[in-house]
Amino acid sequence: MKHHPLPRYQEIHPHIYRIILPLFDDKPGPVNAYLFTGESPVLVDTGTRKTAGMLERALGELGLSFSHIRMVVLTHGHIDHYGAARKIVEGSGGNALVAAHKEDRSLIERGLEVPRARFIRYFRLMGVPNVFQFSLIFIRAVFSSMADNCRVDKFLSDGEKIMLGDYGATVISTPGHTRGSICLYLEKEGFIFPGDHLLSHITPNAFVMLEADFDLPRRMSQVEYYDSLRRVEELSPRKAFPAHGDPIDDVPGTIAMYRDQFRQRQEGICLILGRGELTAYQIARGLFPEIGGIRLAFEIYLMISEVYTHLQVLQREGEVKSYRNKGVLYFMKS
Ligand SMILES: [Zn+2]
């Protein structure tokens with residue numbers, strides 16, 4: 001048997017364990033899987049496929065194995081959250097159900113929200129030079145090495161009550177980071193497990209929501225993200241246990257900080273647009289001048305996504321307008 005190193009783990013509350021699994025870089029940092037023990041053990045998020053062995057070793061320290069897991073709840077369909085789900089299901093002899101929001105089904109089951117050709121058209125619209133098309137292939141290759149796609153057995157919807165081990169939890173639909181992002185709220189304890197919707201050390205991204213049949217996304221990720229932040233605020237959780245980083249004690253303060261950073265981002269974009277008509281790619285290069293070389297190839301999708309989703313908001317607010325010329329979108333100040 002292969003010997004896997006033991007990850008750091010800690011009991012954050014009786015019968016709830018935070019298992020800290022390594023990820024490839026310092027942003028967003030190691031991923032937290034949360035294990036709820038008891039009669040029917042449940043895992044919330046899994047880490048990547050690469051750390052499945054480590055995860056099982058942590059379970060072993062607690063007298064469990066994948067065969068004991070009855071449900072894997074995925075906070076959303078990103079590789080570092082669902083990557084080991086299939087290995088867990090296989091290790092459970094098929095007894096573990098995989099549960100997630102319906103809107104992230106395609107990400108979890110196929111690893112893509114829309115066909116690849118769609119990404120290429122979107123890149124063109126954003127003014128990304130053709131040479132970066134290879135970065136989509138590169139990112140895809142890295143992603144598929146880190147995650148097994150996995151069937152979703154149970155769709156979770158907003159307001160649904162589920163059991164996480166010994167604890168009753170409510171599913172809160174919080175689209176923004178992805179379409180199907182959910183938070184799990186333990187009302188009695190005042191705990192929320194927000195996945196990547198709240199992070200302690202960095203501001204979460206509201207990824208662009210591409211659509212198979214439309215050139216430009218109709219959904220506004222940033223607007224949905226703001227609305228979802230408000231939903232969490234209304235619950236006033238005592239403590240949040242995010243999927244990356246340490247627990248958050250001051251949820252309202254953290255959300256206020258995000259709002260501040262979003263505002264600064266939008267101001268930055270408007271400042272750059274003072275130079276004239278620009279594509280999302282040109283704005284992104286201006287906004288993140290420190291990112292170049294191979295890092296640029298890897299982060300280009302993220303950079304464009306961040307710029308474009310803010311441009312959507314600025315456009316809705318009447319600050320920015322755009323026009324299309326030969327399949328490329330240009331933005332300017334109103
Ligand atoms: Zn994520």
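For this chain, numbers begin at 1 and follow the sequence in order. Just follow the structure's listing: the first ligand is 1, and inside any ligand the first atom is 1.
- When the side chains of ILVMFWY residues are joined at heavy-atom separations under 4.5 Å, either directly or via intervening members, Val73 and Phe241 end up in a single hydrophobic cluster.
- Geometric assessment of Arg121 against the ring of Phe123 yields a negative cation-pi assignment under the 6.0 Å and 45° thresholds.
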**Request:** Could you give me the CA-CA distance, side-chain angles and deciding distance for Phe207 and Tyr308, then say whether ring pair (Phe, Tyr, Trp, His ring centres under 6.0 Å) is met?
**Result:** CA-CA 9 Å; Phe207 282 91; Tyr308 181 68; over 10 Å; no

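- Surrounding NE2 of His15 are at most 12 heavy atoms belonging to other residues, nucleotides or ligands under 6.0 Å away.
- Each side-chain hydrogen bond (donor to acceptor under 3.5 Å, both in side chains) pair with one or both residues in residues 181-192, not counting sequence neighbours, appears once here: Thr178-Ser181.
- Within the protein, the number of N/O/S atoms found under 2.8 Å from the Zn ion (ligand 1) is 4.
- Counted by atom type alone, His244 and Asp196 present one or more donor-acceptor pairs between their side chains at under 3.5 Å.
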